[in-house]
Amino acid sequence: TANLTGNYTTKDLLNLIKNQDKAKGDELAQSQKNLYDLKRSIAFASKKNFTLERDIRNLDKKIALLIRNRISLEEVIAQSGDISLINQTTTLKDKGLRQHYGKLFYLLQTDTRYIATLTSMIKIAEIDNLLQTVMFTLYGNQYDEYEEHLLLHMFQRVLENEFSNAKNISGLLRANTALTRMMTTYTRRSPGQHYLKATLTDVLKAITAQSTLVLEINPLKVYELMVNDYEATTGKISTLNKKPSQEEAGENADVQKLIATRINHLGKITDDFISALINSMPDIPYGIRWICKQIRTFMTMYFPDAGEAQICSMIGGFFLLRFVNPAIVTPQAFMLVDTKLSPPTRRNLTLLAKIMQNLANNVKFGGVKESYMDPLNIVLDRNRERMNEFLLELTDVDDLSTVGGIDKYIALGKTETTTINISLNEMYFIHALLQTNISSLNPIDEQNLLSQILKDLGNAPPQLPRKENANVDLELDPSIKGTGEAYSADQTYAETKFLLFMVMKAVPDARLSFNTFEEFLDQAAKASQRNRTMVDNISRIKDNIQILANEGLVSRQDDYAALRKDAAVEMLNHENLLKQTNADQERLTEVLQNIQRHHSFLQEQFDAYKQYLGNVRQQSVCSRGKQTKEEKKKSKKDKKNKKDKQKGPFKYSHSQLEKDGIIIESEAPEDRRSSIYFSFSSTSPGEFEVVVMFGRRPIAKMQLALDDLLERQHTNQLEYQTDFLRLNVNLLLHLLNKDFVS
């Protein structure tokens, strides 16, 4: 009998697999199926949380507009929807559609060039929809090595595109783009959240566990609190000046003493916090460290003159500012604390976050605005060197080609068919996005695979109302073979072993006559002619062993001895595999429970918003007082007329908008301006479409978002530039409010 140090012939290996202890094999298979189902549950639960967070964020904006009387209560309520409706599942009845969409999303998942290219073309309003599909659908299985490999490969492409097109370092990874939002969302997936909870919960207790602890160091605020505390404690009126200047407050000896004590306290908390981060290095998820490595690589490649401080600042911008700092400022949103935080606690956390922000940016405190923070520079100085060492060490991870790629489980591994859980609106959104940008994607589509699929699908269906949207379990169709991502030799080796187990386990028991490994594959293919999956797997093994032979990992001369021996070793390693699988189950069960707790937290937020809207509606009804029957009848009729009435179009001539000051500058020819007018209509609450007409012929379209215009007003960007017009933002807002709100 062969042993681990001897040579396993192909017949030995076949007998080993065929005679595998059935009970042990079944136990391992069941354990791995449970693990697979657990991963799927985590993916689905994470996606639910993402959509709920997005809806809360959108509802928050709408309520803010309501408070500022920008939109009506009815419009806000119409936007709030019912989150639970997204849970309904349906099937695509049209078999042709199922197959075409299966091919489309297989191509998008396995050839990351398409998604990477789309991220640079996406509009701001579409970012969330793209994020949902990419992060929680195409690559939603956050603990699947293969999907993780593809997702990170996509990140690599998008990051390189960002760096290669950057004119200077200052603007890199700072704007609110699809890439930066994608990077933040990646850190919010389960592995990142699990790390934050395990690493930061205890160290933040130095602040969160003491609700009355005050670490304020702004002299004016310290002075005010000191006076208030004196009067509340003694019952006497303080003789100190009640309205001191910043300088006078800072010169007070008692204030200086309090601030010195608090500086020391904040310094100790910061030291401990940074130590916790440094000690957690082995626990930081590989993907997050790998993104840090790409940032360092591309900084060196495209900005060779950049110093170590600039490189560390860029890495810190991702790891500290986008990953760690949000958990410091809002620990309850990351499930790091269970209780509501007091105002002093929130302020203390903000001060810690400010220190970490300056460490991340490699800058000192200074300037007129927050000069009181200057004494904290001593904390920055003593931590800067070890923080930069930590940020550089983050990048010291193996290349993507040597980790991840293929689950090495034997009994189950990846299922023969891959399915993704995707909503109808996600499918239609991606379909429409691809159609719109197909000309930009053509250079990637060398084999016209995407063009052909889009042609077969026809035009993208419109987005469905929320009540009609539903999820579909879409089976990906690998029959379409694109360029895809090249496997590394190690990944190809792992896949070949896995496929060999599948083939040997499933090959008919009829006596096969063979001597060599290649003869076995030929005989197995003949015996399984009616089983397409088996034939495809055998064909893949043949292709792979040729690749591996060229790489020098196996040799035909010794009948692929290394592959046979490694496969046998893994077969005899059942006990360890079972222990590992059970340990993974235990770990991921805890992850799923954390995600579910976070969902409860989000649902409470959403319910609070709904309750608030209900109260506003009730108050608006009460404020109108009691109505007579005639008034109720008239009110009902008016409401119906208002509902039926389309919002717009409202038409304005070019000369009228110019006269009113809305058009600041126009490139339209002077002699044609008298025939140009603008038709404004509201497509949905807070969104407007402007059609530019020349006579009766539309010549251009503009999309305006109220949120965007208000943001421009808030940041003092008071001009809105289009292809041929420059508009006054304030006067444009006045026009929209006059026509669509009042």
Side-chain angles (χ1 to χ4, degrees), residues 58-59 61-80 123-126 462-463 465 616 620 634-742:
N58 289 339
L59 196 52
K61 284 182 183 177
K62 302 295 179 188
I63 290 175
L65 293 176
L66 170 66
I67 291 169
R68 293 159 71 174
N69 293 315
R70 300 288 185 181
I71 59 178
S72 69
L73 175 64
E74 287 76 16
E75 289 171 335
V76 177
I77 291 169
Q79 291 288 309
S80 62
K123 296 173 186 173
I124 291 176
E126 298 171 327
Q463 290 286 290
V616 173
S620 66
K634 184 177 182 300
S635 175
K636 193 173 182 182
K637 186 178 179 182
D638 289 345
K639 194 173 181 181
K640 185 178 186 301
N641 289 339
K642 187 177 179 183
K643 187 176 180 182
D644 293 341
K645 186 181 176 185
Q646 183 185 353
K647 293 207 169 187
F650 299 99
K651 296 180 181 178
Y652 293 90
S653 67
H654 186 288
S655 57
Q656 180 66 47
L657 294 182
E658 208 166 15
K659 180 183 173 185
D660 292 345
I662 294 171
I663 295 179
I664 300 171
E665 186 181 345
S666 171
E667 293 180 13
E670 292 272 1
D671 59 337
R672 297 191 179 185
R673 291 183 186 180
S674 60
S675 301
I676 295 175
Y677 67 90
F678 298 79
S679 175
F680 288 77
S681 58
S682 179
T683 52
S684 65
E687 294 181 5
F688 309 93
E689 183 175 83
V690 185
V691 181
V692 186
M693 308 288 291
F694 181 70
R696 295 185 177 182
R697 184 165 57 90
I699 56 173
K701 274 187 183 180
M702 292 187 291
Q703 301 291 334
L704 299 176
L706 192 57
D707 290 349
D708 179 47
L709 293 174
L710 289 171
E711 179 67 22
R712 286 171 183 269
Q713 187 186 51
H714 179 69
T715 56
N716 211 35
Q717 299 175 46
L718 300 180
E719 292 184 1
Y720 187 91
Q721 186 78 43
T722 73
D723 290 341
F724 66 99
L725 293 170
R726 201 151 50 86
L727 306 175
N728 182 302
V729 169
N730 286 333
L731 297 181
L732 183 58
L733 279 168
H734 174 75
L735 177 77
L736 296 175
N737 283 326
K738 177 171 69 72
D739 284 343
F740 294 99
V741 179
S742 60

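We use all heavy atoms of the structure for the numbers below, so side chains are in, but hydrogens, waters and symmetry mates are not.
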Just verifying a value: how many Å separate [X] [atom1] and [Y] [atom2], rounded to the nearest 0.5 Å?
{"X": "His654", "Y": "Phe694", "atom1": "NE2", "atom2": "CZ", "result": "11.5 Å"}
{"X": "Asp660", "Y": "Asn728", "atom1": "CG", "atom2": "CG", "result": "11.0 Å"}
{"X": "Lys659", "Y": "Ser653", "atom1": "NZ", "atom2": "OG", "result": "9.5 Å"}
{"X": "Ser666", "Y": "Glu658", "atom1": "OG", "atom2": "CD", "result": "6.0 Å"}

* Contact summary for Ala668 and Ile676, nearest pair of heavy atoms -> CB-CD1, 3.8 Å

* Asked: Looking only at heavy atoms, which two atoms of Ser681 and Pro649 are closest? And how far apart?
  -> CB-CA, 4.2 Å

* With sequence neighbours excluded, what pairs up with Glu670 under the salt bridge (charged side-chain N to carboxylate O under 4.0 Å, His left out) test? -> Arg673

Any heavy-atom pair between the side chains of [Y] and [X] that's under 4.5 Å?
{"X": "Phe680", "Y": "Leu732", "result": "yes"}
{"X": "Leu735", "Y": "Phe650", "result": "no"}
{"X": "Phe678", "Y": "Ile662", "result": "no"}

Sequence-distant partners of [X], side-chain contact (heavy atoms from CB on, under 4.5 Å), two or more places apart:
{"X": "Pro462", "answer": "none"}
{"X": "Lys701", "answer": "Glu689, Val691"}
{"X": "Tyr720", "answer": "Leu704, Asp708, Leu709, Arg712, Thr722, Leu727, Val729"}
{"X": "Gln721", "answer": "Arg726"}

* **Which residues share a side chain to side chain donor-acceptor pair (under 3.5 Å) with Tyr677, sequence neighbours left out** => none

